[in-house]
Amino acid sequence: MPRKKPLVVVTRKLPEVVETRMRELFDARLNLEDKPMSQAELLAAVREADVLVPTVTDRIDAGLIGQAGEKLKLIANFGNGVDNIDVAAAARKGITVTNTPNVLTEDTADMTMGLMIAVSRRLAEGVAIIDSGHWKGWSPTWMLGRRIWGKRLGIIGMGRIGTAVARRAKAFGLSIHYHNRKRVAQAVEEELEATYWESLDQMLARMDIISVNCPHTPATFHLLSARRLALLKPETIIVNTARGQVIDEEALLKALTDDKLAGAGLDVFEHEPAVRPEFLDLARKGKAVILPHMGSATIEGRLEMGDRVIINIRTLMDGHRPPDRVLPIDS
Ligand code: 8YV
């Protein structure tokens, strides 16, 4: 007798190929309208479903998890970061949490380099000039940016994405420095000719470019605080493709406005989708390049994320441990 398909609630619209496969394999409840679900709708979903497939835009907190039905066995996040999910609360209730690592590493690293270059070489300002119809022609002293070749890059968070950024940055002639909870393997350090800084403060004071590539956890919330931002040289630029919460936005805005920092390339914000209007002013002035959380937004990446989600669901349903299981911090 065929097994009953698990009820899988998917909170956002996914690529069609992924949705079709989910329909074939599961009793998949899709969100074809792509209308973000309210907390009440999420609650109804977790009460009924066997599996929930949320994204970064859904808040799966302890309150919600506490009210989940007996059937809910898996929260299969469509995304790498799991700061939207209370993983510890899920574990307490015997619910497995998975994510989609690896498949968005290269795309996010590309976007990091893109922002680094865009800020240093004033790409957005150049586009705006052409767009305004006010370009008067070439001049030797006009629109000068800063070279990235030969500069020092300080990477905060040397996980998969940080390492992928380092590989690219090395090819662009940057020297690689990093701060991480743990020092990476010697072979990786050698390959990247990377310098490890146990002290984030000491690294910050010496870098030309800072790239934020660590996850948002209680330990990294406002890691770049007002005090730490003040350690940076005024020529430094910051790039963040990780999570807005890692930087104290208020302090960052002040540092940029007061010319204590040269610029910022931001793909993420503290209260997405809200973007503080001051960032728009800074972008107009050429001090910031701001993007709407596009770091992993490639067709290939989204399809592979879908594959990971499906593999995680299938593996759990077959009674095995899913490959991308996420454990609570410190467990
Ligand atoms: C994804 C991300 O697009 O995976 C992550 O952690 O930040 C994004 O790039 C998003 O999470 C999809 O849920």
Side-chain angles (χ1 to χ4, degrees), residues 8-19 22 30-31 34-37 42 45 51-61 64 74-87 90 97-115 156-165 211-218 220-221 223 239-247 249 265-275 290-313 322-327 329:
V8 176
V9 176
V10 184
T11 68
R12 300 297 299 265
K13 166 130 194 70
L14 301 184
E16 243 166 66
V17 190
V18 177
E19 290 185 338
M22 283 187 163
L30 306 174
N31 182 350
D34 200 26
K35 188 171 158 282
M37 287 167 75
L42 284 172
V51 178
L52 181 75
V53 179
T55 74
V56 69
T57 56
D58 303 302
R59 189 162 45 83
I60 315 297
D61 56 21
L64 191 86
L74 175 65
I75 300 172
N77 196 43
F78 184 87
N80 191 27
V82 288
D83 51 334
N84 55 320
I85 302 169
D86 193 324
V87 181
V97 176
T98 57
N99 67 344
T100 60
N102 297 315
V103 292
L104 27 74
T105 301
E106 307 303 334
D107 297 325
T108 310
D110 285 345
M111 193 60 100
T112 306
M113 293 309 296
L115 280 171
I156 302 177
M158 197 69 151
R160 294 184 201 91
I161 297 174
T163 307
V165 169
S211 177
V212 179
N213 297 108
C214 60
H216 165 220
T217 66
T220 64
F221 176 76
L223 186 67
V239 174
N240 188 2
T241 52
R243 283 290 183 270
Q245 290 87 341
V246 179
I247 307 182
E249 259 185 14
L266 307 172
D267 184 46
V268 287
F269 298 89
E270 218 177 319
H271 305 288
E272 292 176 18
V275 177
I290 53 176
L291 295 176
H293 201 142
M294 292 161 55
S296 69
T298 67
I299 294 166
E300 295 86 345
R302 292 287 184 257
L303 295 178
E304 288 170 10
M305 287 165 78
D307 285 346
R308 297 300 323 164
V309 168
I310 290 170
I311 289 169
N312 284 318
I313 300 174
D324 304 321
R325 193 164 65 127
V326 179
L327 297 173
I329 300 167

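Counting starts at 1 for both ligands and their atoms, in listed order.
When Gly295, Ser296, Ala297, Pro215 are ranked by how near their heavy atoms come to atom 1 (C) of ligand 1, first place goes to Ser296.
Looking at Asp267, its side chain does come within 3.5 Å of a backbone N or O of Gly295 through a donor-acceptor pair.
For a threshold of 3.5 Å applied to N or O pairs, the pair formed by Leu104 and ligand 1 contains no separation below that value. Note: no N/O pair closer than 3.5 Å links Ala242 and ligand 1 by distance alone. At under 3.5 Å, not a single nitrogen or oxygen of Thr55, backbone or side chain, sits near a nitrogen or oxygen of ligand 1.
Using a 4.5 Å heavy-atom cutoff, the side chains of Thr11 and Asn31 are not in contact. Side-chain contact check for Cys214 versus Val246: some heavy-atom pair is nearer than 4.5 Å.
In terms of protein heavy-atom proximity, atom 8 (C) of ligand 1 is closest to His293 NE2, 3.3 Å. Among protein heavy atoms, atom 10 (C) of ligand 1 sits closest to Val56 CG1, 3.8 Å. The protein atom (non-hydrogen) at minimum distance from atom 12 (C) of ligand 1 is Phe78 O, 3.1 Å. Nearest protein neighbour of atom 7 (O) of ligand 1, counting heavy atoms only, is Arg243 NH1, 2.7 Å.
Taking every heavy atom of both residues into account, Glu270 and Ile247 meet most closely at OE1-O, 3.6 Å.
At a heavy-atom cutoff of 4.0 Å, ligand 1 is contacted by the side chain of Arg302 but not by its backbone.
Below 4.0 Å from some heavy atom of Asn80 lie the following atoms of ligand 1, by number and element: 4 (O), 5 (C), 6 (O). Atoms of ligand 1 lying under 4.0 Å from at least one heavy atom of Gly79, given by number and element, are 4 (O), 11 (O), 13 (O). Listed by atom number, the atoms of ligand 1 under 4.0 Å from Gly81 heavy atoms are 4 (O), 5 (C), 6 (O).
Using a 4.0 angstrom heavy-atom cutoff, Arg12 does not count as in contact with ligand 1.
Using modelled atom types, one finds a donor on one side chain and an acceptor on the other under 3.5 Å when comparing Thr241 with Thr112.
With a 6.0 Å radius and a threshold of 12 heavy atoms from other residues, nucleotides or ligands, Glu272 has its CD atom above the threshold.
Val212 pairs in a side-chain contact (heavy atoms from CB on, under 4.5 Å) with only one of the listed residues (Asn240, Thr220, Leu223), which is Asn240.
Sequence neighbours left out, the pairs with a member in residues 291-312 that pass salt bridge (Lys or Arg N to Asp or Glu O under 4.0 Å) are Arg308-Asp324.
Residues meeting the ring-ring contact (aromatic ring centres under 6.0 Å, His included) test with Phe78, sequence neighbours left out: none.
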